[in-house]
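Working notes, structure below.
Letters A, B, ... mirror the listed sequences (proteins, then strands); counts begin at 1. These values consider heavy atoms only, across backbone and side chains, with no hydrogens, waters or symmetry-generated copies.
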Amino acid sequence: MAYKRPPDTYDVLPYPNVKEPWLHTAKWRFVEGVFREVCGRYGYKEIRTPILEQTDLFKRTAGETTDVVSKEMFTFEDRGGRSMTMKPEGTAPVVRACIENGIFATHPTPKLYYIGQHFRYERGQKGRYRQHQQLGVEVFGADNPAIDAEVILLAMSFYREVGVKDQVLRINSLGIPESRVKYREALRNFVRPFLSEMSEEGQGRFEANPLRMLDTKSPKELELLSAAPRLIDFLDAESAEHFGALQGYLNSAGVPYEIDHRLVRGFDYYTRTTFEIAGASLGAQNALGGGGRYDGLVEACGGPKIPGIGFGLGMERCLISLEAMGVQLSIQNEETVQVFLITLGDASLVEAPAVKLLSQLREAGISADKSYRSRKFPQQIKEADEAGASYTLILGDSEIERGVVQLRNQKTKEQTEINLSEIVGEIKKISILSKNF
RNA sequence: GCGAUUUUAGCUCAGUCGGUUAGAGCGCCUGUUUGUGGAGCAGGAGGUCACGGGUUCGAAUCCCGCAAGUCGCCCCA
């Protein structure tokens, strides 16, 4: 085998895959379709940004000390000597695009969604790849906690409609930068007496990014941190009110959630609300999606002082989770053909009319196909079934002589003879009348 | 970056204690006397046993190395 795909990437094929059934194009289209539909219903519009950005955009927004920026970016120098990075996350590019296109001047509260490929240079494992399809939304210009609730409700709607049953919503509030400075100091003071008992990783975070110490999975560190001060006790009055209002909205909408005091997310730009949605059956990587508020991000990118909130979810984890739960997706198989043309007899006589008929059907909006392997009748019938055809058209020497074609219902095997000049109209009629055509 | 584990036909996998020419199912191809279900029957193609060394009379099998896949650590989606 000469070439292999890059490490920790995957191919999505239009054919069933025994080992990895989620790598099937039809399933991807289904999930994307649900996401688009839900976003549209919530009033969100699609934005597409380049796959590359200036490296600095991510360094400045996500934070130099974050894992993503410090060790997981696909960064290279282009031919003009500029440092470029394949986007590791979706929010900063959207912010950049909105500022650059003057969106905020004409749209007070843009509500946007995107579907795109994101890249992180990590070692793969279940549900984690170097190239990953992320679906996300961003809202700008609203600090009303009702919009926090809307974004969360949109995410929950999506998961419910796509078929994920057991999603768990966890929320937290990080407050504003000023209150976080106080909290950071309190957390340091709490940890300092037993700093030497923390892992190397934890000790590193003590200096660089104390909040991330909370993110540990080590049972020992969880024990040590169990009595640590909590973020919500340090919130400024407004943030506390904001967080309380959000909870009220979630309650009245009937959305169950839990407050997770150690939910701090991976990027430095988050303020106030953060949330994560987790699912079962994903192995170690059980976060289906997450997001939060980023009130200072637009300004930090050189735009106006405008608040924002968003979330992103992973296509791979969504599909793997659905598969693990045994959910049957209502997939429209776009490869299914409506009419299959069977040709018989002398090819020099039959092929030309067949090519013409096939083209006429397709021009008329009927999906149609034929065998290109000059096979015998039974084999062509089989091929028609494999193509999923509801009807076959039979065109042989004797039909050509009489200017007709046989229309055969594949289910009932009923067969009627129809004039070649009328067949396209006839099939068009059937396709309109018949639901399961 | 680290650890565990796997690698034999297009796919899913057997392969015993190291012993003849490397096996199955599915898929693919051909035929089944040539225009109506071929999902039946008969046959066929397809392998550098990931790759490189070593031990041995003899290696898919044992040893060393290396590559890729998978899962996990860290972190995230």
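Using P as the reference atom, B:U5 and B:C64 are 12 Å apart when rounded to the nearest Å. Rounded to a whole angstrom, the distance from the C1' atom of B:U6 to that of B:A14 is 16 Å. Taking the C1' atoms as reference points, B:G47 lies 15 Å from B:C11, given to the whole Å. When the P atom is used for both B:C63 and B:C17, the distance is 14 Å, rounded to whole Å. Taking atom C1' in both B:G1 and B:C13, the straight-line distance is 34 Å, to the nearest Å. Taking the P atoms as reference points, B:A9 lies 15 Å from B:G15, given to the whole Å.
Listed nucleotides B:U30, B:G38, B:C73 differ in distance to A:Arg123; the shortest reach to its side chain belongs to B:C73. Out of B:A77, B:G35, B:C13, the shortest distance to the side chain of A:Asp397 is found at B:G35. Nearest to the side chain of A:Pro7, among B:U32, B:G69, B:A77, sits B:G69. Between B:G38, B:U36, B:G72, one nucleotide has an atom nearer to the side chain of A:Lys382 than all others, and that is B:G38. Closest to the side chain of A:Phe377, from the set B:G35, B:A77, B:C74, is B:G35. Checking B:G35, B:U30, B:A77 against every side-chain atom of A:Gln379, the shortest atom distance belongs to B:U30. The nucleotide whose nearest atom lies closest to any side-chain atom of A:Val18 is, among B:A77, B:C11, B:G35, B:C11. Nearest nucleotide to the A:Glu386 side chain, out of B:C28, B:G35, B:A77: B:C28. For A:Gln415, the side-chain atoms get nearest to B:U36 when compared with the rest of B:G72, B:U32, B:U36.
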Which pairs, protein N/O on one side and nucleotides 40-43 of chain B N/O on the other, fall under 3.5 Å?
none

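Classified by interplanar angle (parallel below 30°, tilted 30° to 60°, perpendicular above 60°), the ring pair A:His132/A:His118 is tilted. Ring pair A:Phe275/A:Phe311 is tilted by interplanar angle, where 30° to 60° counts as tilted.
A syn base is found at B:G38: its glycosidic angle is within 90° of 0.
Between A:Leu395 and A:Ile277, it is A:Leu395 whose nearest contact on RNA chain B lies nearer the 5' terminus. Each of A:Arg408 and A:Lys19 has a nearest nucleotide on RNA chain B; the 5'-most of these lies closest to A:Lys19.
With contacts defined as side-chain heavy-atom distances shorter than 4.5 Å, the pair A:Thr65/A:Arg212 does not qualify. Between A:Arg5 and A:Asp11, the closest side-chain pair of non-hydrogen atoms falls below 4.5 Å.
Within the shown strands, B:U7 is the pairing partner of B:A67 under the Watson-Crick or G-U definition, both distances less than 3.5 Å. Base pairing of B:G44: its partner is B:C28, meeting the Watson-Crick or G-U wobble criterion (both donor-acceptor distances under 3.5 Å). In a base pair of the Watson-Crick type (N1 to N3 plus N6-O4 or O6-N4) or a G-U wobble (N1-O2 and O6-N3), with each distance short of 3.5 Å, B:U61 is matched with no nucleotide. Both distances falling under 3.5 Å, in either a Watson-Crick or a G-U wobble arrangement, occur for no nucleotide opposite B:U56. Both distances falling under 3.5 Å, in either a Watson-Crick or a G-U wobble arrangement, place B:C2 opposite B:G72. Base pairing analysis places B:U16 opposite nothing; no Watson-Crick or G-U wobble pair with both distances below 3.5 Å involves it.
Contact annotation for A:Glu122: base contact, defined as any heavy-atom pair under 4.0 Å involving a base atom. A:Leu313 comes within 4.0 angstrom of no nucleic acid atom, judged by non-hydrogen atoms across all strands. A:Leu135 comes within contact range of no nucleotide atom at all, as no heavy-atom separation falls under 4.0 Å. Within 4.0 Å of A:Gly396, counting heavy atoms only, lies at least one base atom of the nucleic acid.
Taking the ring centre of A:Tyr113 as origin, the terminal cationic atom of A:Arg36 falls outside the region bounded by 6.0 Å and 45° from the ring axis.
For an aromatic pair to be called close, the ring centres must be under 6.0 Å apart, and A:Phe35 with A:Trp28 fails this.
For the residue pair A:Glu32 and A:Gln133, a side-chain donor N or O sits within less than 3.5 Å of a side-chain acceptor on the partner.
Residue A:Glu399 places a side-chain atom within donor-acceptor reach of the base of B:G35, judged by atom type and a 3.5 Å distance cut-off alone.
OP1 or OP2 of B:U32 has at least one side-chain nitrogen or oxygen of A:Lys376 nearer than 4.0 Å. When the side-chain nitrogen and oxygen atoms of A:Gln125 are compared with OP1 and OP2 of B:C73, one or more of them lie within a distance under 4.0 Å.
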